[in-house]
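Remarks on the structure that follows.
Numbers restart at 1 for each chain; the letters A, B, ... are given by sequence-line order, proteins then strands.
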Amino acid sequence: MNFTRRVLLHSVAFAMACSLPGLASAADLIAIITPSHDNPFFKAEAVGAEARAKELGYDTLVLVHDDDPNKQSEMFDTAIARGAKAIILDNAGADATVAPVQRAKDAGIPSFLIDREIKESGIAVSQIVSNNYQGAQLGAEQFVELMGEEGKYAELLGREADTNAGIRSAGYHDIIDQYPDLEMVTQQSANWSQTEAYGKMETILQAHPDIKGVISGNDTMAMGAWAALEAAGRTDVIVVGFDGSNDVRDSILAGGIKATVLQPAFRQAQLAVEQADQYLRTGETGVDEKQLMDCILITPENAGQLETFALDG
Amino acid sequence: MTAVATNPPGSAGTQGALLLLLKARTFIALILVFAFFAFAAPNFLSTANMVIMSKHVALNAFLAIGMTFVIISGGIDLSVGSIVGLCGMVAGWLVLYGVNPGLGWSIQFNTLEICLIVILVGVAVGAVNGLLVTKLNVAPFIATLGTLYVARGLALLSSDGATFPNLGGNPEYGSASFRLIGAGSFLGIPISIWMLVAVGCLAAYIARRTPLGRFIYAVGGNERGAALSGVKVNRIKMFVYMFSGFCAALVGLIISSQLVAAHPATGETFELNAIAAAVLGGTSMSGGRGRIGGTIVGAFVIGVLSDGLVMMGVSAFWQTVIKGLVIIAAVVVDQAQQRLQARVALQAQAALGK
Amino acid sequence: MLRWLCLALILPALAGCKIVPDPDPTAADGSGGGGAQQTDEQRMEARVAADWEETVLPALAQETAAFAEVKPALAAGLDSAGERFGVRPAAGSAPWNFVVSGQGTVVASKLDSRAASMDLDTDGDGAADIRVQLGPIVRGTGLRDALTVYDFTAFRDQIEFAKLARALNDRAVADIAKPEADPAGATYAFTGVITPKAGESPIPLVPVTLEAR
């Protein structure tokens, strides 16, 4: 079988495929697109949205874009091709997401964004934004208080290409930099990863043994840093995280990590589905497009109420 | 290959039929995958979905075509994914800022020039790969692993990790048509598919009809032998790496145009998909064997498989497992075909000898 | 042959490029048209400076309620108090903000911190009810969120919106005369924004006016 014959056969297969009518789907479909579920935060989002959509009588299609804008764009194509009625999205980049959301809008599919915003308003129906900046400020205020407004500290950053890494760091520094007695000895990226944070923390401890605190861009890195500090017998170092995962909750309750900031991922995802449902039934959500959802500081006092990115009571 | 084609029919009828079946395995796999998803995934067979899937496949197919040449020549190119990212960032930079030598003015380019410069960058990285492999005798795996990191680092440095937004172009500079590379279509078929058709035909022509193509096979099959019979091995190797860089540059252009933004992490692990497509299409990792047509079909199998699984809503973790199993199965079948082919050829020789 | 082909392609194409002078040579930073802009902080500061007298103060004045009335309402329930006196952006989960005025006696103060504050007792029971933030660091986004004229949708992203909150807070405390010595026992009249959380006392206040009586 040579190349030309393959091409010929191929085009025949295509022609056949094209002439067949598309299959009709029964219940309305909602596509839920989030980053990879290997991070419990995004898993909670997907699970929350899926559960609510099922309750409201929708079919769901749960997709994962791994924080890759190109893959996300392909996911949008797929959702459009599947004839989804609405898209719930935790996006893979404030700039690179504009084009696919616009494409979905042109195809008549409304998008409801959660967690992170995009740099354009008027193309998504809702943007329920986790107020990362405010959350970071909360975390930083707590950090400053724990540090007693002075001392040396290190910062662990998330992946540089990620919007939230920048926002959180900016929020931290917005507060911390106003205290001249707090000195940042090093700022390192650990790519959101527990393993990398562990390694980076070990190195930082070698270079700066007099360090007093560590502020981390997310909980997995805080856990990694804490593990390294524990191994080095430096449990006096103050560690503050971000996200509000169950692992860090347990560490806070056990007196390890001092504080974290909860993003209400579960509730946010459900709210997005509710707004999508409202929009599909009535043609409007009744609320502004961009909605900020404030983060909540988690300390030993309220850590007990925390469960899967939601605060009870 | 030619030995099998001239194999007298009837001498080994069932074996011949089996061999034909094995040789067409990638294509059969494609048909099976197609048929499966036609039933399992709603809307799979709609025209719109076909066009969309082809667009997705095209990205991997470009890389896989470049990769096929490199693998046939006995090398490997791990840097293509990073070149995609770097070229996307170069394109983004040129569209947004042009070239600014810091003298109070900047040079702004039109779409065609942007494309040419970006392709030049891709080819240049390919040339670096080629030089490392030929002049400095670095093993291809290591040389391209090095450029993988360098190119990715440069892409991240170019914007400090940020995304270049709004690559809509500027009509004043003639770059407003930049969007068309990814979004435009001709006769209802996206531009990127037409580009794939052009590059695919060019590559297939080079591989089958030109001395250059035959030299690539010769270098991969037996490098010393090729060198002794007068093939300029180094030149051939330079060509395959540069061509691979060229293909990666095209993908970088298409992605940044499609997303109307350039993201420095674009293209991570693309090289693995490209290698998978080439292997699935029957390219031998030890060099000397493989076909462009097979690679394109291989890319379609991978692309249709992943798009179909996504449409069915299969968990992303399972998708990864399934992709891996398909690649392993492809290589196992490939080995079986090699053994059978050798046996048929032996029998044919024996038959002639009688 | 290939080389000639390439040259033949490139040469005519090069005629199409343009040499463009940088938009503003004094602000050229090597990135051409991309740079040469104010930072978010500067823009928001300028915006607050322009809006303060004209929109912010009148908008606040319109929403102001007496703290003496708000306090018992808060004790009865955050949501019911919010319905009566509060402001919050859109619906959903945003917390209630209250623009309040009142006066009280200083029962405690912390002036050596960068986030200085003093606690006021407004009802004479000896317990602190309001914690007036004196800056220079002011916590919370209550002031911004109490101003419905600023709609998040109209802003680029949360960073810009956060800078707005910061600029508003800075502008607010800039007008406040921070007591030099220990102010314990002095009486102050205040107007400002509170964002009470359930069970929180004293409630932090972002002051807009503060006068010794």
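- Atom CZ of residue B:F270 and atom CG of residue A:D68 lie 6.0 Å apart, to the nearest 0.5 angstrom.
- For A:T97, no part lies under 4.5 angstrom from a heavy atom of chain B.
- A side chain to side chain contact (heavy atoms under 4.5 Å, CB included) with A:D95 is found for one member of B:L259, B:V260, B:T163 and no other, namely B:T163.
- In this structure the side chain of A:E74 never reaches within 4.5 angstrom of the side chain of B:I52, judged on heavy atoms.
- Shortest non-hydrogen contact noted between A:V64 and B:A316 is CB-CB, 3.9 Å.
- Neither the backbone nor the side chain of B:L167 comes within less than 4.5 Å of any heavy atom of chain A.
- In this structure, the separation between OG on B:S256 and CG on A:N70 is 10.5 Å, given to the nearest 0.5 Å.
- Crowding of B:K323 atom NZ: a count of heavy atoms from other residues, nucleotides or ligands under 6.0 Å not exceeding 12.
- In terms of heavy atoms, A:A96 sits closest to B:A261 at CA-CB, 3.7 Å.
- Contact annotation for A:V98: neither backbone nor side-chain heavy atoms come within less than 4.5 Å of a heavy atom of chain B.
- Legend: residues meeting ring-ring contact (aromatic ring centres under 6.0 Å, His included) with A:Y133, ordered by chain and number and at least two apart, are absent.
- Between B:F317 and A:H37 the shortest side-chain heavy-atom distance falls below 4.5 Å.
- Of the two parts of B:M312, only the backbone, made up of N, CA, C and O, holds a non-hydrogen atom closer than 4.5 Å to a non-hydrogen atom of chain A.
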Between side-chain atoms of residues 296-311 of chain B and protein atoms elsewhere (two or more places apart, or another chain), which donor-acceptor pairs fall under 3.5 Å?
| unit_1 | atom_1 | unit_2 | atom_2 | d |
| --- | --- | --- | --- | --- |
| B:S306 | OG | B:I302 | O | 3.3 |
| B:S306 | OG | B:G303 | O | 3.2 |
| B:D307 | OD2 | B:H56 | ND1 | 2.9 |

